Amino acid sequence: MSELVTREQRGAVALLTLNRPEALNALGADLVARLTDRLADAGADPAVRAVVITGSDKAFCAGADITEVPEMIGAMPTAVLPFDRLFAILSSLPKPTIAAVRGLALGGGCELVLACDIAVAGRSARFGVPEVKLGVIPGAGGTQRLVHAVGKAKAMRMLLTGSPVDAAWANAAGLVADVVDDSEVLNLALDIAAQIALNAPLAVALAADSARTAHEAPLHQSLNHERRNFLLALGTTDAQEGIAAFTERRTPHFIGK
Ligand code: CO8
């Protein structure tokens, strides 16, 4: 059986590719487990400074494997735990995550995109949360993260119609950071990841941690959280190195401490 999620190391970047194209990378139990393992490995690997997740030409991911849903419904609530583990690890990974999307990102696939720190799209990308067409609703953060990403009106349009939106719409709405030709989307994601990898790892992690929690608490609490992370970053050896390198007009050498 071919690998359901492949991993390649590109410099300091781990590239994870969903590899079930015959089912449009639907999130079957095996794929969910493999992606969770891959993310855990990448998160713990000191050689990895950023993670790019991509799919195949026709689909980033068409969502939960619908053929497995009837069995899941019969085994609730525990059946959903593997999804919870996947999205918990993805959304709290100590390395930045970038989704490189070509083709369809539907249901759980759109939720994967929303749980990444950054998303970039090829012109073929289509984003949708069609769960209501199946009589269910998004259950992996989609109703919450979509509102945060694109605002209530646009999120409601997507959630209540179930109709997909194209890459240009997603870009204008703030769901993705950039849209490029499909042939360029992976290079763009890898380039962003490589730029991140040049920066001080702890500062990157603390900045991502602050931004990820931006919507989880009232502003005054989030500002306190940012201040705590700011003081932690200021106390690192890398902060001294970064400032010294700027003064001495040289490239900093960061050690992640
Ligand atoms: N699950 C399983 N198989 C899928 C899925 C999926 N989500 N999507 C596509 N496939 C399979 C198709 O069955 C087909 O397989 P086969 O060749 O064996 O017949 C193959 O992928 C190719 O798909 P199509 O032939 O359908 O390709 P088209 O280009 O004609 O259509 C579509 C593409 C429009 C994307 C169509 O495949 C489709 O509508 N797919 C379903 C998309 C969807 O509704 N996704 C949301 C799923 S629900 C979800 O993610 C959250 C559910 C939470 C459940 C909680 C349970 C407790």
Side-chain angles (χ1 to χ4, degrees), residues 1-6 16-36 38-39 53-91 97 99-116 119 121-150 154-170 173 175-176 182 185:
M1 198 171 86
S2 63
E3 270 288 358
L4 286 169
V5 182
T6 64
L16 307 186
T17 304
L18 310 187
N19 186 31
R20 196 190 173 203
E22 70 284 1
L24 306 185
N25 294 324
L27 295 168
D30 292 347
L31 196 153
V32 167
R34 196 68 184 123
L35 182 56
T36 304
R38 290 291 198 195
L39 285 166
I53 304 175
T54 196
S56 29
D57 291 343
K58 191 175 169 190
F60 176 78
C61 171
D65 189 321
I66 295 171
T67 64
E68 295 182 11
V69 168
E71 200 181 331
M72 286 176 68
I73 290 171
M76 280 299 168
T78 50
V80 89
L81 291 178
F83 280 88
D84 288 350
R85 272 195 292 276
L86 169 60
F87 281 86
I89 204 165
L90 174 60
S91 59
T97 51
V101 182
R102 289 163 295 152
L104 300 161
L106 301 177
C110 190
E111 290 176 302
L112 278 181
V113 173
L114 288 163
C116 287
R123 295 191 206 288
S124 71
R126 298 286 179 274
F127 301 86
V129 272
E131 281 87 341
V132 289
K133 292 178 184 289
L134 298 167
V136 295
I137 71 166
T143 63
Q144 304 305 299
R145 292 197 178 100
L146 198 55
V147 173
H148 294 153
V150 304
K154 289 184 167 67
M156 285 290 194
R157 181 192 145 169
M158 291 179 70
L159 288 163
L160 304 185
T161 65
S163 301
V165 298
D166 66 17
W169 193 97
L175 182 49
V176 301
D182 277 21
V185 70

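If you're wondering where the values come from, they're calculated on a predicted model, not measured in any experiment. First listed ligand is number 1; within each ligand, the first listed atom is number 1. Counting begins at 1 with the first residue of the sequence.
For the pair I53/L112, no side-chain contact is recorded, criterion being any heavy-atom separation below 4.5 Å from C-beta on. Using a 4.5 Å heavy-atom threshold, the side chains of D65 and R20 count as touching.
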Give every donor-acceptor pair under 3.5 Å between a side-chain atom in residues 70-90 and any protein atom, sequence neighbours left out.
{"unit_1": "T78", "atom_1": "OG1", "unit_2": "A75", "atom_2": "O", "d": "3.1"}

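Under the 3.5 Å distance criterion, the side-chain polar atoms of N19 are matched with a main-chain donor or acceptor of E3. No donor-acceptor pair closer than 3.5 Å links the side chain of T17 to the backbone N or O of T54.
K154 approaches A173 most closely through the heavy-atom pair CD-CB, 3.6 Å.
For ligand 1, the 4.0 Å heavy-atom shell contains residues E22, A23, L24, A26, K58, A62, G63, A64, D65, I66, V69, M72, M76, L104, L106, G107, G108, P130, E131, L134.
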